[in-house]
Every structure is written in C-alpha cells, then in structure tokens.
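Report on one structure; see the data block that follows.
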Amino acid sequence: MTKRHPLLSFSLVATAAVMLLTGCSDNGSSSAAQSTANGKPEYPVTWRFALEEIEGSVQHLYAQQFREQVEALSGGRIEVDVFPYGSLGTSAQLTELTRNGSVNLAFASPGHLADTVPETGLFNLHFLLPEEQEPARRLLEAPAFISAFEPAYHNAGLQLLGFVPEGWMTWTANNPLRTPSDFQGLRFRTMTSETAAEAFRSYGADPVQTPFAQVYSDLQLGNIDGQSNPVFAIEEMGFHEVQNVLTMARASRFIASVVANEDWFAGLPSQERKWLEETIAQLSEEAWTLQEDLNKERLETILEQGGIRVVRLTEDERAAFRDASLPARQRFIELTGEKGQALIQRATSIAGN
Ligand code: 6CS
C-alpha cells in the first residue's frame, strides 16, 4: 500500500523555520521577558517548545497540556509556542537549536541524544529499568536519579527538566522476532546514537541509524527490514502499513527527556522558574496515563486496519533476549565509565535486573 508520508515536506519546511528562528534569535534572549525601566519583566513573553514527534503524539499531547498549565499558572503572562516534528528539524537539530538558544525548551530522546549526553544511553539498554510501572515511575521521578544526569546535560549546554515515559518499545519487521537468532543479519533501524545501535547489535542485528523522518520510506523501499518504537508512533508514522508483524518483547520503554537551554533556564525570574517546575512536576505524573491511553487506542486502530500480526513474547523468550542484551551494558560502561556504572547500579537496585 502506498501512503503519503506525514513528513513529506519535512526538510523544506524545517530549513525555512530554522532560518526564521535563528534569524530572530540573536543571543537566545528573544523569548525571555524584556525588563522595563523598574527592572520588572514585561509580559507577555513566549517560550518556544520544540517536539521530536508530530501532532497527536505523546510529546504533542504533553506539550499541549504544558502550554495550558503554564498559561493558567502565569495568568497569561507566559505564552507557549509549540513546534511539532517536521517544523524545525531532526532530533539532533532540535538539540542544537536548544543549545544555541533558538528554542527555549525541547524534547530530547536518549536514542538520539546519547552520543552528546553519554549517560542517557542508560535508557537505550534493554531489560534494565524496572519492569513494573510503579517502581519505574519512582525511579524516573527520584530527584537524586534526575540530578545524577544533570552535569552531563550541562556539558552539552542543556538543563534537564525531567524524564517522560512514552510506552514500551515494540519491534516491527516482516517476521516475528522470537529469538535473538531472528535478528541475525536483520537490517534494523535504530535511533542515531551508538548505544541505541549496540542494543540491537548484541542480538545479532545489523543496525542502521537514521532520523525518525526517514524510517517510513526506508521500510517502504526495503532499505531496512525492521525498526523499534512505541505503538502510538508506529501508528501515526504509518510503519505498520509497510511491516507485517509487531513483536511485543517489553525489553525497554521509550523514555524521553525534556530539556531547556541552560542559560535561558538560569536567567528565568524566580516566579517563572516556579511555574515551569510546577508544570513539569505535574506532567511527569500525568504522562504515565497519557501514554498508556494513547498506546492502547493506537493499537486498536492498527488492529482494526488489519494486515499485521501481533506477537507477544513469553517469559522464556524474553529471558533469552535479556541474556543476549548484556554486552550492550558493557559498551555503555566503556562510554561512560564509573558514572554510567553507578547509574546502572541505581536502576538495577530498584529493578532487580
Ligand atoms: O524513533 C525515533 O526516532 C523517535 N521515536 C519517538 C517515539 N519519538 C521521537 C524519536 O525521535
């Protein structure tokens, strides 16, 4: 089946928008409140928030709630401009736009970010975070866990605001992926960082690291054989239309991070920082329900459309993948040293993995 890709005009629109943003943002302060003669900020001001996903996604729903909450808390003093994927650039480009202050806030997924912020490669490892939702949630919201990542984000000119769960990664291919041997030689698309690729290399796959916008056409043209993403993303990007089997292995959750430009964050008036932090804290709880509902709904849509089979791995099948996944942890430690080792310990002491 041929489908018009949701990001068909991605690069043209993105290039134009980036030029527009960078053109009107000289030193990253264009969206910060200007001070009046008495030193008080002059409102309203606009916060620019860039997404790695298209409209209707987890990140988009999150950003809409973020906008409503910030606008309500600030009594309209803060306005939020949301830029869905396709309007600015790839994940790597969004990180760069945040770093240079062209946007104030963005989603930054470890799958793409880990080459820049190596510690985030933790989230690319399989069978590591707690499997049950409650302990996973406690871990991701724990201030000590979040602050362990902060220096690494600062090194990249970013302020980490929080982690956002987006659902279990689901593998798609034209055959079921029941054992690591099913991955042997499979050209499997991963996100662009080394640890994202290593996770599938350890199963025997031949990882192909590409931006999100390229996945649909690569599947359609047969340049790749499979890929991994939460169900909501598979549905909205149309991947299920060019693949035959969804394999649910529950090997890893998609965890995104919300980041801000470091200088912008440091320069926020205390009242604005309070509105921002209050909003992030509230949404980090709501995101669990938001993603769960969306993933459930999108799975129904996929099944209603038909033409694709769902395979859920048994515990024995999962155990074989867990064993095969362990070399990727070593690679992560090679890349991050003691800090990475400490993060693994922290995650596994909760998870028991
Ligand atoms: O696979 C990707 O590249 C993307 N997947 C999701 C669900 N969000 C953003 C990321 O870039």
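Residue numbers run from 1 in the order of the sequence given. We count ligands from 1, going down the list as the structure has it; atoms in each ligand are counted the same way.
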(message) Test your reading of the structure: does Ser228 have an N or O sitting under 3.5 Å from an N or O of ligand 1?
(response)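 Not met; the criterion fails.
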
Counting from 1, what ligand 1 atoms have a heavy atom of [X] closer than 4.0 Å?
X      : answer
Pro230 : 7 (C)
Glu52  : 9 (C)
Met191 : 1 (O), 2 (C), 3 (O)
Ser91  : 11 (O)

For [atom], what is the nearest protein heavy atom, given as residue, atom name and distance?
atom                    : answer
atom 11 (O) of ligand 1 : His112 NE2, 3.1 Å
atom 2 (C) of ligand 1  : Phe212 CD1, 3.2 Å
atom 5 (N) of ligand 1  : Asn229 OD1, 2.8 Å
atom 8 (N) of ligand 1  : Glu53 OE2, 2.7 Å

(request) Would you verify whether the NZ or CZ of Arg273 falls within 45 degrees of the ring axis of Phe265 while also being under 6.0 Å from that six-membered ring's centre? (result)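 Yes - Arg273 lies over the ring of Phe265, closer than 6.0 Å to its centre and within 45° of its axis.
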
(message) Measuring from atom CH2 of Trp168 to atom CD of Gln291, what distance do you get when rounded to the nearest 0.5 angstrom?
(response)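 So the gap between those two atoms works out to 10.0 Å.
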
Answer yes or no: is there a donor N or O on one side and an acceptor on the other, between the side chain of [X] and the main chain of [Y], under 3.5 Å?
X      : Y      : value
Glu317 : Thr314 : yes
Thr247 : Leu177 : yes
Asp225 : Phe188 : no

(request) Give a yes or no on whether a salt bridge exists between Glu285 and Arg137, defined as a side-chain N under 4.0 angstrom from a carboxylate O. (result)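 The answer is yes: the pair qualifies as a salt bridge.
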
(request) Verify the ring-centre separation between Phe83 and Phe49: is it less than 6.0 angstrom? (result)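 No: the rings miss the under 6.0 Å criterion.
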
(request) Report the part of Phe107 (side chain from C-beta onward, or backbone N, CA, C, O) that has a heavy atom under 4.0 Å from ligand 1; answer both or neither where that applies. (result)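 None of Phe107 does.
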
(request) Specify side chain, backbone, both or neither for Arg189, according to which of its non-hydrogen atoms lie closer than 4.0 Å to ligand 1. (result)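 Answer for Arg189: side chain.
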
